[in-house]
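The next block holds one structure in the form of structure tokens; read it before the comments.
Atom set for the values below is all heavy atoms of this structure, side chains included, hydrogens, waters and symmetry mates excluded. Being a predicted model, the structure only gives us computed values, none of them experimental. One is the number of the first residue; the rest follow in order along the sequence.
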Amino acid sequence: MKENQVYISPQWQQLLNDNQLNNFEAWWQLELPAVDEGNYGRSQNGWSRVCLHSLTSATGQTRRVVIKRQSNYRSRTPLHPMRGISTFIKEYNFIQRYEQLEIPALKAVYCATRQQGNDLQAILVTEYLDDYRPLDNILAQWDNGYTRGQRAAIVQSSAQLVAKLHNQGLEHRCLFPKHIFVKAAPPHDQACLIDLEKSRYKPWSSGRQVRDLTALARRTGNISNRDLVLFFRHYFDINQLNSDAKKLWHQVEQRIKKKRSH
């Protein structure tokens with residue numbers, strides 16, 4: 001069996017040692033319940049699952065992590081057009097890229113792959129976002145769980161996050177509310193992204209804006225036009241909607257209508 005340790009966070013090294021989780025086999029053998037039914041496909045016998053786990057330091061402090069494990073779950077890339085690479089390696093590479101571009105996103109703790117016979121196995125461990133809530137969870141309580149001021153702050157932090165992503169030439173390609181995490185406590189002034197594996201670098205295509213914002217808008221149906229206007233104002237960093245903002249809004253609306261007609 002061939003193991004390839006891609007990354008281990010220096011800040012987490014001691015905690016991983018304290019929990020005997022400093023090698024692939026130790027992570028792979030953890031018996032943990034999956035947070036959902038997982039994903040299947042991509043290649044023969046391919047599967048991918050997500051679990052949560054708590055690590056305790058020698059001093060008794062506890063920190064949680066998100067553990068993603070997969071086997072034969074591949075994604076084709078320009079450099080690997082036939083067999084593809086582990087989607088976790090692809091996501092880890094984008095985690096690093098987002099960090100370099102200062103786009104707030106999840107942080108890697110551990111990443112490694114190994115070849116087990118004919119199976120390509122991979123593990124990606126990331127920090128659990130303890131102080132954040134997913135936007136879909138927030139939207140479920142939008143009308144009665146948040147004041148107008150709190151809603152405005154959440155819209156602002158989300159819009160500025162997406163704008164920073166697009167201004168760096170990146171497209172998330174899975175920009176659903178469940179993949180935007182907002183600081184849970186007021187003033188809700190910070191937000192970050194998760195699930196980066198489908199990201200693409202498309203600096204010359206304005207389509208990245210339309211596709212991402214359409215995906216987001218289709219799943220945030222209970223927010224008001226006031227909130228939508230506020231989102232576009234913060235997205236473009238303007239005081240009132242201009243021709244560029246109105247054009248993008250119209251393109252998103254048209255794409256939503258087109259999708260609904262199919």
Would you list the pairs meeting salt bridge (charged side-chain N to carboxylate O under 4.0 Å, His left out) in which at least one residue belongs to residues 211-222, sequence neighbours left out? E171-R211
Which pairs with one or both residues in residues 224-245 pass salt bridge (charged side-chain N to carboxylate O under 4.0 Å, His left out), sequence neighbours excluded?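 The answer is none; no pair qualifies.
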Is the CD atom of Q141 crowded by more than 12 outside heavy atoms at less than 6.0 Å?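 Counting neighbours around CD of Q141, more than 12 heavy atoms of other residues, nucleotides or ligands fall under 6.0 Å, so yes.
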CG (N239) with more than 12 external heavy atoms under 6.0 Å: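 Result for CG/N239: open.
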Out of curiosity, does [Y] fall in the hydrophobic cluster containing [X] (side-chain heavy atoms, cut-off under 4.5 Å, transitive links)?
X: L32; Y: V35; answer: no
X: I194; Y: I95; answer: yes
X: I123; Y: V50; answer: no
X: F88; Y: V6; answer: yes
X: V155; Y: L228; answer: yes

Return the [atom1] to [atom2] distance between [X] and [Y], rounded to the nearest 0.5 Å.
X: W28; Y: Q121; atom1: CH2; atom2: CD; result: 4.0 Å
X: N72; Y: N118; atom1: CG; atom2: CG; result: 8.0 Å
X: R97; Y: Q168; atom1: CZ; atom2: CD; result: 9.5 Å
X: C192; Y: I103; atom1: SG; atom2: CD1; result: 12.0 Å
X: K259; Y: Q254; atom1: NZ; atom2: CD; result: 14.0 Å
X: H53; Y: W27; atom1: NE2; atom2: CH2; result: 6.5 Å

Just jot down the side chain to side chain donor-acceptor pair (under 3.5 Å) partners of Q29, sequence neighbours excluded, or say none.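 Scan of Q29 (side chain to side chain donor-acceptor pair (under 3.5 Å), adjacent residues dropped) gives E25.
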The side chain to side chain donor-acceptor pair (under 3.5 Å) partners of S54 (sequence neighbours excluded) come to none
Keeping the roles fixed (side chain from [X], backbone from [Y]), state whether a donor-acceptor pair exists under 3.5 Å.
X: Y110; Y: F24; value: yes
X: D119; Y: Q115; value: no
X: K90; Y: L196; value: no
X: Q160; Y: S158; value: no
X: Q96; Y: N93; value: no
X: S205; Y: K202; value: no
X: R69; Y: L30; value: yes

If you take all heavy atoms of [X] and [Y], which pair is closest and at what distance?
X: V252; Y: A217; answer: CG1-CB, 4.2 Å
X: Y128; Y: R64; answer: CE2-NH2, 3.0 Å
X: A34; Y: C51; answer: CA-SG, 3.9 Å
X: R208; Y: P203; answer: NH1-O, 3.6 Å
X: A245; Y: F236; answer: CA-CE1, 3.4 Å
X: P177; Y: T220; answer: CG-CG2, 3.6 Å

Would you tabulate the side-chain donor-acceptor contacts of residues 183-191 under 3.5 Å, counting partners in other chains and residues two or more places apart, or write 'none'?
from : atom 1 : to   : atom 2 : distance (Å)
H188 : ND1    : K183 : O      : 2.9
H188 : ND1    : A184 : O      : 3.3
Q190 : OE1    : Y132 : OH     : 3.3

Below 4.5 Å, heavy atoms only, C-beta onward: do [X] and [Y] meet side chain to side chain?
X: K107; Y: E99; result: yes
X: L193; Y: L175; result: yes
X: L213; Y: V210; result: no
X: Y235; Y: L248; result: yes
X: R151; Y: R148; result: yes
X: I180; Y: L216; result: yes
X: L135; Y: K178; result: no
X: Y98; Y: H172; result: yes

All pairs passing ring-ring contact (aromatic ring centres under 6.0 Å, His included) where residues 201-231 contributes a residue, at least two apart: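 Of all non-adjacent pairs touching residues 201-231, none passes ring-ring contact (aromatic ring centres under 6.0 Å, His included).
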Side chains of Q61 and T56 only: does a donor on one sit below 3.5 Å from an acceptor on the other?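 Q61 vs T56: no donor-acceptor pair found between side chains.
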Near-ring test W249/F232, centroid separation under 6.0 angstrom: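 Yes, the ring of F232 comes within the 6.0 Å limit of the ring of W249, centre to centre.
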Aromatic contact between Y7 and Y92, with the criterion being ring centroids under 6.0 Å apart: yes or no?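 For Y7 and Y92, the ring centres are under 6.0 Å apart.
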Applying side chain to side chain contact (heavy atoms under 4.5 Å, CB included), run through C174 and H179 and close with a yes or a no. CA-CA 8 Å; C174 199; H179 296 148; 3.4 Å; yes
Aromatic ring pairing W142/Y146, orientation class (parallel under 30°, perpendicular over 60°, tilted between):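 Geometry flag for Y146 against W142: tilted rings.
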Any ion pair linking K198 and E91 (charged N to carboxylate O, less than 4.0 Å)?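 No, this pair does not count.
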One pair to check against side chain to side chain contact (heavy atoms under 4.5 Å, CB included): E127 and V65. What are the steps and the verdict? CA-CA 5 Å; E127 297 182 9; V65 293; 5.9 Å; no
For R74 and T87, run side chain to side chain contact (heavy atoms under 4.5 Å, CB included): C-alpha distance rounded to whole Å, both residues' side-chain angles, the deciding distance at 0.1 Å, then the answer. CA-CA 5 Å; R74 302 171 185 263; T87 62; 5.7 Å; no
I would like to know whether I223 and L139 meet side chain to side chain contact (heavy atoms under 4.5 Å, CB included); could you show each step before the answer? CA-CA 8 Å; I223 67 172; L139 289 172; 3.7 Å; yes
